[in-house]
Amino acid sequence: MRKLLITGGAGFIGSHVVRRFVKQYPNDQIFNLDKLTYAGNLENLKDIDQSGNYHFIKGDITDTAFIQNLFETHQFDGVIHLAAESHVDRSISNPMEFVLTNVIGTVNLLEAAKKAWGSNIEGKRFYHISTDEVYGALGETGFFTETTPYDPHSPYSASKAAADHMARAYFKSVAVPVITTHCSNNYGPFQFPEKLIPLMIRKASRGEELPVYGDGGNVRDWIHVSDHCSALCAALFKGVPGSNYLIGGRCAKSNLEVVHEIIDIVKEMVPSPSRAVNRELVRFVEDRPGHDRRYEVDPTRIEKELGWRAKTSFREGLRDTVQWYFDHEEWIRGIEHKSYLGQRLGLRGILE
């Protein structure tokens, strides 16, 4: 029996990871640590919150004493570190929050793992989840690889780059068995509706204008969250400590292409002609400051070394995602009531 700590487990990706481990590994004890900020939502885990091997802990990874005590009390065998501030627009408005959570919080966890495990690291894992955004932007051709130099362009990506360096430093200096992965853009159920795909689904389904940054030509590599979860399991159980792996869906699309596909799917699903859903709803708006033009990762290493490959086609995954948001209006209304009404964030450093 293992004890696994998953940080940020009430968020978008985290809730999918927690659910997978609780269901697939019933003999393990899964501890979900989440601060429950605006993006953390226990409604995401209602289907497993009564499971005997699931434990929720509300807490802040920036609280050093709390984290140290948590590790001393539970003696975790592994950490899957997902807790992070992750929205670029919000990082432009409030960079210090990103530094505190993404850098200080990560160091607190690493230090607690070092003290708890000492030299007894056999079978232990500290899995640090990062982002492809730490590598900056690509030109018209090429891919990010595990050896691409870091070149972060936003407070968000800079804070994640700093956390990556600290994680690797703990591996090199004190042998904390760290594995790091850098994933491309995720989409799927339970994603907070400030992100591109759920925001566009929400607005298109209501016949509202669809704001697209700049000319819509910014390219991202998309991966369904279920494929990210399967990659995470491969990296945790098969990955080599000290290594980093890039995770991607081999699905590069411009933002405008994604929005057009959402419009087409929503148009098929919305039965009422009273809500006109078409591509004329797109409105190009002032671009995000420092908006990287293109990201695309080369996942060859994880495919060859760990035997993982993304399985969900973008069209299939997007259609299922649109259907999920249509079927979960109550979940969306709960978020609107609590914290977010679809407004633009981060323009000129102001939350609007």
Side-chain angles (χ1 to χ4, degrees), residues 11-13 15 37-41 43-44 86-93 156 184-225 251 253-289 291-292 314-348 350-352:
F12 165 44
I13 299 173
S15 62
T37 62
Y38 76 96
N41 189 349
E43 290 294 313
N44 298 353
S86 65
H87 191 45
V88 174
D89 288 355
R90 289 180 183 268
S91 79
I92 295 170
S93 303
Y156 161 59
S184 59
N185 281 37
N186 281 231
Y187 71 97
F190 297 109
Q191 188 170 29
F192 194 82
E194 67 188 358
K195 298 297 180 78
L196 176 68
I197 286 179
L199 180 63
M200 293 299 118
I201 293 172
R202 176 176 175 271
K203 288 183 175 293
S205 67
R206 300 176 183 185
E208 299 174 2
E209 292 185 350
L210 308 177
V212 175
Y213 287 169
D215 62 0
N218 302 77
V219 174
R220 300 294 182 262
D221 180 12
W222 293 94
I223 183 171
H224 193 272
V225 64
C251 178
K253 290 182 177 292
S254 73
N255 287 347
L256 188 58
E257 287 180 294
V258 171
V259 172
H260 282 170
E261 290 202 42
I262 290 171
I263 291 170
D264 293 344
I265 293 172
V266 171
K267 187 175 182 178
E268 293 174 12
M269 292 184 175
V270 173
S272 173
S274 62
R275 289 187 289 179
V277 181
N278 56 62
R279 295 186 179 188
E280 294 179 2
L281 291 173
V282 172
R283 294 291 182 271
F284 296 106
V285 299
E286 182 180 343
D287 207 352
R288 167 195 292 161
H291 197 183
D292 291 335
F314 186 71
R315 186 71 178 185
E316 172 194 355
L318 188 60
R319 181 176 290 278
D320 289 346
T321 301
V322 171
Q323 187 64 61
W324 187 89
Y325 280 95
F326 275 23
D327 293 341
H328 291 80
E329 277 287 335
E330 184 176 346
W331 182 86
I332 296 172
R333 285 196 299 269
I335 288 175
E336 290 176 335
H337 176 73
K338 178 182 177 183
S339 59
Y340 184 67
L341 293 171
Q343 71 273 25
R344 180 167 185 182
L345 306 170
L347 185 63
R348 295 184 299 279
I350 301 172
L351 284 174
E352 299 183 345

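All heavy atoms count here, side chains included; hydrogens, waters and symmetry mates do not.
A side-chain contact (heavy atoms from CB on, under 4.5 Å) with I197 is found for exactly one of N185, V258, N255, namely V258.
Interatomic distance, NZ of K195 versus CE of M200, reported as 13.5 Å (0.5 Å rounding). Of the inter-residue distances, the one linking K203 atom NZ with R283 atom CZ reads 12.0 Å to the nearest 0.5 angstrom. Atoms CZ and CG, from R279 and L256 in turn, are 8.0 Å apart once rounded to the nearest 0.5 Å. Taken to the nearest 0.5 Å, the OH atom of Y38 stands 10.5 Å off from the CD1 atom of I335.
Within the 4.5 Å cutoff, the side chain of I332 has heavy atoms near those of the R202 side chain. The shortest side-chain heavy-atom distance between V212 and L196 does not fall under the 4.5 Å cut-off. Residues Q323 and P189 form no side-chain contact, since every pair of their non-hydrogen atoms from C-beta on lies 4.5 Å or further apart. Annotation: side chain of W324 is not in contact with side chain of D320 (no heavy-atom distance under 4.5 Å).
One N or O on the side chain of D221 and one on the backbone of C251 form a donor-acceptor pair closer than 3.5 Å. Side-chain atoms of N186 come within 3.5 Å of backbone atoms of S184 as a donor-acceptor pair (strictly under, hydrogens ignored).
Here the shortest heavy-atom pairing between Y213 and E286 reads CD2-O, 3.9 Å. When all heavy atoms of S91 and V88 are compared, the closest pair comes out as OG-O, 2.7 Å. Closest heavy-atom contact between R90 and F192: NH2-CE2, 4.4 Å.
In this structure, R220 is not positioned above the aromatic face of Y187 in the sense of NZ or CZ being under 6.0 Å from the six-membered ring centre and within 45° of the axis.
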Can you list the steps and then say if R319 with M269 is a side chain to side chain contact (heavy atoms under 4.5 Å, CB included)?
-> CA-CA 10 Å; R319 181 176 290 278; M269 292 184 175; 3.7 Å; yes
Would I263 and V277 count as a side chain to side chain contact (heavy atoms under 4.5 Å, CB included) if you check the C-alpha gap in whole Å, the side-chain angles of each, and the deciding distance to 0.1 Å?
-> CA-CA 7 Å; I263 291 170; V277 181; 4.1 Å; yes
Given side chain to side chain contact (heavy atoms under 4.5 Å, CB included), test Q191 with Y325 step by step and report yes or no.
-> CA-CA 10 Å; Q191 188 170 29; Y325 280 95; 3.3 Å; yes
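The aromatic rings of W222 and F314 sit tilted, their planes meeting at an angle between 30° and 60°.
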